[in-house]
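Here, residue 1 is the first one in the sequence, and each next residue gets the next number.
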Amino acid sequence: MIKSTLIIFSSVFIAVLWLAYLNHKIEMFVPIYISLLSGITFLYYAWDKRKSVQSNRRQVSRIPERHLHLCALLGGWPGALIAQQTLRHKSQKRVFIVILWLCIAVNLSLGSYAWYVYY
């Protein structure tokens, strides 16, 4: 239940950005930026998940958690949330989850503030 809710939340957020652009409420770069960064973040999670499975067999280099958090903080949090739920990657580490949700809160707060100031 929670898993599907988080995936829907992230997907609806991206859809709302595209609808806001289509209704001339925001500039085109906003949904493009968030969508592209979310896709890149999803791919980072998938790559790190692949490497974590391989690490059981041999020594491999993984993507540092701070890079995953940075991608989320810069606006790729929808992709991070979708990847975390669909790939079941980094979904058990409490500290990682707390930091991810802080990144989401910062993004939503700054986005709301920018919307309030600009419009």
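Partners of Arg50 by side-chain hydrogen bond (donor to acceptor under 3.5 Å, both in side chains), not counting sequence neighbours: none found. The side-chain hydrogen bond (donor to acceptor under 3.5 Å, both in side chains) test applied to Glu65 returns Lys90, Lys93, not counting sequence neighbours. Contacts of His69 classified as side-chain hydrogen bond (donor to acceptor under 3.5 Å, both in side chains), with partners at least two apart in sequence or in another chain: none. Every side chain to side chain contact (heavy atoms under 4.5 Å, CB included) that Ala46 has, sequence neighbours left out, goes to Leu87. Not counting sequence neighbours, Tyr44 has no partner by the ring pair (Phe, Tyr, Trp, His ring centres under 6.0 Å) test.
Note: the hydrophobic cluster containing Phe96 also contains Leu81 (ILVMFWY, side chain heavy atoms under 4.5 Å, direct or indirect links). Using a 4.5 Å cut-off between side-chain heavy atoms of Ile, Leu, Val, Met, Phe, Trp and Tyr, with links allowed through other members, Phe29 and Trp77 fall into the same hydrophobic cluster. Hydrophobic clustering (side-chain heavy atoms under 4.5 Å, transitive across Ile, Leu, Val, Met, Phe, Trp, Tyr) keeps Ile97 apart from Ile99. One hydrophobic cluster, built from ILVMFWY side chains closer than 4.5 Å, cannot hold both Leu102 and Leu70; they sit in different ones.
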Quiz: residues 31-40 side-chain donor-acceptor pairs under 3.5 angstrom, not counting sequence neighbours:
unit_1, atom_1, unit_2, atom_2, d
Tyr33, OH, Leu74, O, 2.6
Ser35, OG, Trp18, NE1, 2.9
Ser35, OG, Pro31, O, 2.7
Ser38, OG, Ile34, O, 2.8
Ser38, OG, Gly79, N, 3.4

Ignoring hydrogens and angles, write down the donor-acceptor pairs under 3.5 Å from the side chains of residues 104-112, residues two or more places apart or on other chains.
unit_1, atom_1, unit_2, atom_2, d
Asn107, ND2, Ala72, O, 3.2
Asn107, ND2, Leu73, O, 3.0
Asn107, ND2, Cys103, O, 2.9
Ser109, OG, Ala105, O, 2.7
Ser112, OG, Leu108, O, 2.8

If you look only at distance, which donor and acceptor atoms sit under 3.5 Å apart when one is on a side chain in residues 1-9 and the other is two or more places apart or in another chain?
unit_1, atom_1, unit_2, atom_2, d
Lys3, NZ, Gln85, O, 3.3
Ser4, OG, Met1, O, 3.1
Thr5, OG1, Met1, O, 2.7

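The environment of Tyr21 atom OH is sparse: at most 12 non-hydrogen atoms of other residues, nucleotides or ligands sit within 6.0 angstrom.
Arg66 CZ to Cys71 SG: the interatomic distance, rounded to the nearest 0.5 Å, is 12.5 Å. Here CD1 of Ile63 is found 9.0 Å from NZ of Lys51. Values are rounded to the nearest 0.5 Å. A distance of 9.0 Å separates CZ of Arg62 from NZ of Lys49, quoted to the nearest 0.5 Å.
The ring-ring contact (aromatic ring centres under 6.0 Å, His included) contacts involving residues 97-116 comprise Trp115-Tyr119, where partners must be two or more places apart or lie in separate chains.
A heavy-atom distance below 4.5 Å is found between the side chains of His89 and Asp48. Within the 4.5 Å cutoff, the side chain of Val30 has heavy atoms near those of the Leu17 side chain.
The minimum heavy-atom distance linking Ile82 with Ser10 is given by the pair CG1-CB, 3.6 Å.
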